[in-house]
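All figures in this text were calculated on a predicted structure; none of them were measured in a lab. So that the names make sense, note that chain A is the first sequence line, chain B the second, and so on, each numbered from 1.
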Amino acid sequence: MSEKSQKLRIGIFIIAGTLLMLAVLFFLGLSDMFVEKVTLVTRFNESVQGLTVGSPVKYRGVQVGTVSKISIVMQKKTVWVAMEIEPRYFRGVDKDEFENAFRKELANGLACRMEFAGITGMKFIDLDYFSTANTDITVPSNIPLEEAIYVASVPSAFQDFSKAVVNAMERLSKIRFEEISAELEQSIITINTLLADPAIKSTISKINEAAENLESSTATINQAINEERIATMLDDVEKNLKSLNKLTSTLNRTSAEMKLPESSRALRNAADSISESQKDLTTTLEKLNHTLDSMKLFFDYIEKDPSSIIRGKKPEKSILK
Amino acid sequence: MQNSKPEKLKQTLTGYIAQAVYPVVFLGEVFSAKPRLARRKRELLYYLDLCGVKSLPVVIIISLLMGSIIAMQGILQMRKVGAEIFIVDLVGFAVLKEFGPLMVAMISTGRAGSAFAAEIGTMKVNEEIYALQTMGVNPYSYLVYPKLAAMLVAIPVLTVFGDAFSILGGMILSTSACDITPAAYWARSTAVLNGTVFMLGIIKSAVFGVLITLAGCCCGFSAEGNAQGVGRGATQAVVASIFLVVIADAVMTLLFTFIGY
Amino acid sequence: MRNKIIEVTQLDIGYDNTPILCDLDFDVYEGEILFILGNSGCGKSTLLKHLTGLYQPLRGDIKLRNKSIVNASGQEKNELYKSFGVTYQGGALLGSLTVAENVAFPLEEHTSLTQDEIDSIVEEKLSLVDLTGFGNLMPSELSGGMKKRAGLARALALSPDLLFFDEPSAGLDPLSSSALDRLILDIRSKINATVVVVSHELDSIFSIADRIIMLDKERKGIVAEGEPHDLRANSSDSWVRNFLNRNNMR
């Protein structure tokens, strides 16, 4: 009895284990063995950084296969990439039909291009109809895989973009920001010293003083003139109305022409506005100085970490905190 | 009779050398013996039962726990960078490549390796080994091959169970402790793991099975002929098995890394 | 002159190049019951293991029916093993098999008999040692004496005409011991076997031994050879006489 149950146990054990093993194998990729595949091959004249064996191959955004092999031709600096795609993703065609249809599509301008799969730098191959007209769709003679279908490759958008960025960066790096900023700083310092020169200060204060004196004396003169004239006028009214009249008109004319208090105020205003604009100038120069500093910082940063121009500034706090 | 000192030293040395060389002698004895497994169905079944079926419950429990422990530790670390989905990769690869085969090997060392040593040691004490010899039966063939064959079947099968239940444990824990759904876990598992990694783990476990059996039997055969000797033999078997398993694991991991896995 | 079954010539035995018995020369004749006796630790069990081919001697030769067991290859040794049976002190039954399976084991290993034939032989051998009905028990369920008898049944399975016994009466009460002695005589008369016994049980020696060989630890060799009663009475060696007279002195 015990022998029978022992045999039963062992039988169940081995059968269950074998079934489990087959199930695991099936789900972990043995299932791939039974799937029909078509091999495509393409070549890139650019870096395939971020593309690895197993990277997805997409047709209009649908993953239809994976990269199966990457090899380099040293002399021509080209990279051959082989891909395996599964016709089962295309409805209602078997392998041969698919190959024919696919070749037809290639003639219609189907090509492939590397694209970023996300922000991590991983790439995938996109099969699509790209508008780039000058794609060379002639099949090269030296395809590394005999039975593979050759797909023309289009330079990646990333390649253009990165070229533009590189150019911009090169130009930027040619500007001698440091010298410019140093010169600017120098001029500001000169202006500052100039303005801080005691001679100018005293000149301005003397102008102020003179203006004040002028004002007070003008006031006195005004006063004096008025009283004197009135007295004289009163004296002369009777004596010589004519001459008084004459004198008065002359005096009036003269005093109207003089306008002394107004002139002095205007002079003071002018002095004030000179000092005001000096302040303004200082602030402006300070601001300019500041701007130049942060520009310098920014370019230093870019120099250290060029990818930040795309990715943005790193968060300041440690991500692990 | 009193031996002179150099004589004694010579004897001690030859004793040590004999002890050190014994495993080699043992291997020679085993591989020069005829397996004759067809005659040993009963023994084969007995050891399959002992090392396989009866180890299954403990393998399942330990694997479930092991899988969830790895997942737990993974969650604690991955959460900081918001990459919880990579727990699937962590659990999957750690289990298929290392923990599955290793845990099963450790359990089998405790269950089978020590049992083999104790069994053979006791047979030695009871003169059963001599009895086998004088019955014209090669004790190495009779005692080692059924165990070897049973272990070669039982350990890989146990590893399959161990792998599956470890991943299940990881799945249970990470779906309950994180936002990962079972479907996402499953999809990620089938996407990142592959059959080759799994099969290499199984091959590893088969090698471990051979090592555990040979270490257990060798320690049994070299055990001294008394109760304490049998005890020491069993302990020695466990220590030697773990040592050999870890060394073999390191070597195989290195080899598999060279071929790209 | 009777046929020599075993010829031992110039045999040195020992462990690790240290001889414990030197220059042994004796023969065992067909149909006799020979007892090998000696004081504890003199190497009589070791001598038995040499006679049965388990140990390699340091020097000398042992011939079983004119075939050297010392120089035999693995295959020749296996052939020789089929021609004799050995009963060990504790029976040495395989613990994982039942009593019947133990007895059947040599038959399964060395013959191509059918299961029915094997079963009937097992039944016969078990009845010979008075263990009928115990076949389905495990060795751990048997008493010491029963284990020895089961071991004897197994030794008899291939019907050998040469039997070795290692301490058959050790650990047995006098009644079981004398029953075993009778069993040995019985078997000898039934199958006309030659029997070599290692023992120092004097009762057994005087009741069933045809001839004895006495070993001494101190002198590392055979000190006396002959008929037990004769040696007890007439040996020139006082140690031999004292050894054989222990019972009388008690």
Cut-off 4.5 Å, heavy atoms of chain C, and the answer for B:Thr134 is both

In terms of side-chain heavy atoms, does C:Lys217 have a donor or acceptor partner in C:Ser40 at a distance below 3.5 Å? no

Okay, C:Tyr15 and chain B: the region with an atom under 4.5 Å from a heavy atom over there is neither

Under 4.5 Å to a heavy atom of chain B? For C:Lys77 that would be neither

**Study point:** Step-by-step salt bridge (Lys or Arg N to Asp or Glu O under 4.0 Å) determination, B:Arg232 to B:Glu224
**Key:** CA-CA 9 Å; B:Arg232 276 198 300 275; B:Glu224 288 159 56; 3.2 Å; yes

When the 4.5 angstrom heavy-atom criterion is applied to B:Glu43 and chain C, the contacting part is side chain

If one checks every heavy atom of C:Phe105 against chain B at 4.5 Å, the contacting part turns out to be side chain

Checked B:Arg36, B:Met123, B:Arg42 vs chain C; the most non-hydrogen pairs under 4.5 Å come from B:Arg42

**Message:** Measuring only between side-chain heavy atoms, which start at C-beta, is C:Met146 closer than 4.5 Å to C:Leu131?
**Reply:** yes

Checking heavy-atom separations under 4.5 Å from chain B, one finds in residues 56-67 of chain C none

Looking only at C:Leu93, C:Thr87, C:Leu80, most heavy-atom pairs under 4.5 Å shared with chain B are made by C:Leu93

TODO: Indicate, with yes or no, if the rings of B:Phe221 and B:Tyr22 have centres closer together than 6.0 Å.
DONE: no

Exercise. Using a cut-off of 6.0 Å, state whether more than 12 heavy atoms not belonging to B:Tyr46 lie near its atom OH.
Key: no

**Item:** Pair C:Lys82-C:Glu79, salt bridge (Lys or Arg N to Asp or Glu O under 4.0 Å): steps then yes or no
**Value:** CA-CA 5 Å; C:Lys82 287 183 210 169; C:Glu79 288 302 315; 3.3 Å; yes

From the list C:Asn78, C:Val86, C:Leu54, the residue making the most non-hydrogen contacts under 4.5 Å with chain B is C:Leu54

Worksheet item: Are B:Arg40 and C:Glu109 within salt-bridge range, i.e. N to O under 4.0 Å?
Response: yes

Taken to the nearest 0.5 Å, the spacing of B:Ile212 CD1 from B:Met106 CE works out to 7.5 Å

